[in-house]
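All remarks here apply to the structure that follows.
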Amino acid sequence: MNTGPLVRQISRRQWWLGASRYRRYMVRELTSLFIGAFAFALIVGLWRLSQGAQAFSAWLDAMHSPAGLAFNGIALAAALYHSVTWFNVAPKAISVRIGTFKLPDSIISGAHYAGWLLVSILVLYLVRV
Amino acid sequence: MSRETIELVVFRYNPETDCEPAYQRYQIPYHHDWLVLDALNYVKDHLDRSLSYRWSCHMAVCGSCGMMINGEPTLTCKAFVRDYADSIRIEPLANFPVERDLIVNQDDFMSKLASVKPYIIDTDDVPLSEGEELQTPAELAVFDQYTGCINCLLCYSACPQYSLSADFIGPAALTLAHRYNIDSRDDGFRQREERVGSDDGVWQCSFVGACSEVCPKGVDPAAAIQQGKITSAAHYFKKHLMPWSDS
Amino acid sequence: MSSHKPVFWALFAAGGTLSALLAPVLIFLIGFAVPLNLIDPEALGFARVSGALATISIALTMLVIIVLFLWHAAHRLRVTAHDLGWFPDSVAVVLFYGLAAAGSVASGWLLIGTT
Ligand code: SF4
Ligand code: FES
C-alpha cells in the first residue's frame, strides 16, 4: 500500500479561529462592515434631509435612539480598530529612502497618527457652534 | 526551575503503511542549550531511527528545518527547547502535502518560484568588455533586505491565502520577484508582471501580514508585496489611461 | 493575464486611508456629540446642515467621503467572502460592488439636490 503524500484539509469557514493573528485579521476585515453601514446611514440622512426639517430631525433622533447609539458604539469601536491597524501597517506599503538611509517605520506610523489627530481636531473645530 | 526531561509530541505519517497521521510521544533529556532540532536529533539517534525530517546547516541558513512548533511555523534550529513548556508539539509545515513524518513536498513552491523569473534579466546589451555593471550603496540598499530569504517556506505555512487559493504565487516568490524588479541592473519587470500582476500574484494577497511575523530572516515579505501592488497598480493605470506610453 | 483588481484596490486603499482618518471623528460627532451634550444640537440641525451642503465644496467633500467609505467596505467584504467561502467571487463582485455603486449614485443624486 502506498497512499502518497498526505494533503491536510483546512476548514473554509473556521480556519481563522486557529490562531490569534488570524482572529485579529478577521476582526480587522469585518470593521469594513461598519464603515460601509455608517456610509449608508449617512446616505439615509441625506435622503431625509431632502424631505425637510422634520424628516431630518427624525433621522437624527433615530441615530440617537438606544438602538442607534448601540450601532454607533460598535461602529466607533470598529472604526478605531480600523484606524489603528491601518496606520500600524502603513510603513509596509510606504518606504521612504534617502540614499542608504531608510526612514524608520515609527516615523511613518507616527506621522499618520499625528495626521489623524489633526484631522479629527479640525473636523470638531469646523462643526462646533 | 530545573527540568530533567521533556516530552516531544511528534506528527508521524508513513505513506507506505498509514492512511492517517498519528502523534507519537518521546521522553527525552532536557538540556538548557538544546534547540528543538537537537531534541529531534536525540530522538533519531537514540530512540527511533524511523523518524524522518530535513535539516542541514543547524544555523538558520539552509532553510530546510522549518516545522510547526506548537502550531507556529518555526525553524527548529532557531528555537530553544528552554523557551517552551515541558511538552512540545512538532508537526510538518502547514499548507504543504506531507511526504513522510515532518517532511513536506515543496514542488508547488518551486514551480511558482521559477515562474516569476527570480534572477537578473539584463536586456540592455552592454557588452561584457565594457566591464561590470556597478551599483551604488543606495541602489543596493533598496533590495538588500529581500536577498536574505532562505526559502524556508515558513511564510507559506503562515499564509491563509496560500492555503485558500491553490494558484496563489505566495509570499517568498513574490518577494523575490520584487527584489529583482527593484534591482538597478534588472530590466525584467514586464516579463515578470504577467505573473506578478495577475490574480494569482500580488492581487491575491489580502495583507494578513502573517508572513512577515514568522519570517526568521527579517525579510518582511508583506512589505515587498504591498510595494509590489503599488508598482503593479501604477503600471496598470499607465497602460490603460495612457496607452500611447511605452508600458 | 493582468488583473483588473488595481481599480478596486485603489478605491479600497484610498477609502481605507480616508476612513482611518475620518470615520472615528465622524461617528463620534454624529453619533454621540449631541446626546452627550458636547455640542449645541443646532450644530447638526436641519438649517445648518442644509446650509452647509448648499456649498459645492462641502457637498463634494461629503460625496467623496461616502463614496470612498463604500468602495473600501465593498472590496474588503469581497475578500472576506473569499476568505470564508460565503459565495463565489462573481457573486461577491455583483453584490458588494453593486451596493457600493448604488450607494454612490444615490449620494451623488441627493447631494446634487442639496446644492
Ligand atoms: S521570506 Fe522569510 S519566511 Fe519566507 S521563505 Fe524567505 S526567509 Fe523563509
Ligand atoms: S538546519 Fe538549516 S535552517 Fe535550520
Side-chain angles (χ1 to χ4, degrees), chain A residues 1-36 78-79 81-112, chain B residues 11-21 68 70-73 91-101 103-105 107-108 136-142 144-145 158-164 166 182 206-214 220-230:
Chain A
M1 182 180 82
N2 190 327
T3 46
L6 172 78
V7 176
R8 293 163 288 173
Q9 297 295 341
I10 57 144
S11 157
R12 184 95 206 185
R13 297 256 145 105
Q14 285 168 23
W15 60 266
W16 57 280
L17 293 167
S20 74
R21 67 163 68 93
Y22 301 146
R23 291 192 290 271
R24 275 183 275 123
Y25 162 74
M26 204 45 81
V27 171
R28 183 193 85 184
E29 297 299 283
L30 289 174
T31 60
S32 62
L33 212 55
F34 295 95
I35 302 287
Y81 192 71
H82 166 62
S83 302
V84 169
T85 50
W86 194 267
F87 298 142
N88 284 351
V89 298
K92 298 232 184 279
I94 304 166
S95 159
V96 183
R97 291 178 174 283
I98 303 146
T100 56
F101 172 77
K102 183 179 191 293
L103 206 61
D105 287 359
S106 55
I107 303 278
I108 296 177
S109 278
H112 281 82
Chain B
F11 181 103
R12 302 297 310 266
Y13 173 72
N14 180 344
E16 279 144 30
T17 56
D18 306 342
C19 296
E20 293 274 305
M68 310 297 283
N70 290 345
E72 178 80 355
E91 298 160 297
L93 281 181
N95 299 343
F96 291 96
V98 181
E99 290 287 356
R100 176 187 291 260
D101 295 342
I103 296 177
V104 296
N105 183 309
D107 292 352
D108 181 64
T136 66
E139 285 167 337
L140 170 67
V142 167
D144 203 13
Q145 129 191 13
C159 175
Q161 293 307 341
Y162 181 63
S163 69
L164 295 168
I182 58 179
S206 62
F207 203 173
V208 180
C211 50
S212 295
E213 287 175 28
V214 301
D220 203 353
I225 297 175
Q226 303 329 301
Q227 288 162 35
K229 283 179 191 170
I230 295 173

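Residue numbers start from 1 in every chain, and the chains themselves are labelled A, B, ... in the order their sequence lines are given, proteins ahead of strands. Keep in mind that what you see is a predicted model, and the values were worked out from it rather than measured.
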Does any backbone or side-chain atom of B:Ala158 lie under 4.5 Å from a heavy atom of chain A? Answer side chain, backbone, both or neither. both
Could you check which of B:Gly228, B:Ala94, B:Ser206 has the highest count of heavy-atom pairs closer than 4.5 Å to chain A? B:Ser206
To the nearest 0.5 Å, how far apart are CD in B:Glu99 and CG in A:Leu6? 10.0 Å
Applying side chain to side chain contact (heavy atoms under 4.5 Å, CB included), can you list everything that pairs with B:Ala223, at least two apart in sequence or on another chain? A:Lys92, B:Tyr146, B:Asp220, B:Gln227
Part of B:Glu139 lying under 4.5 Å from any heavy atom of chain A: neither
What part of B:Ile230 lies closer than 4.5 angstrom to a heavy atom of chain A: side chain, backbone, both or neither? side chain
The reported gap from CD1 in A:Ile94 to CD in B:Gln226 (rounded to nearest 0.5 angstrom) is 11.0 Å
For residues B:Cys159 and A:Tyr22, report the shortest heavy-atom separation together with the two atoms involved. N-OH, 4.5 Å
Residues of residues 8-15 of chain A within contact distance of chain B, non-hydrogen under 4.5 Å: A:Arg8, A:Ile10, A:Arg12, A:Trp15
Under 4.5 Å from any heavy atom of chain A - which part of B:Thr136: neither
Heavy-atom proximity to chain A below 4.5 Å, by part of B:Val104: side chain
Among A:Gly99, A:Gly18, A:Pro91, who wins on heavy-atom pairs under 4.5 Å with chain B? A:Gly99
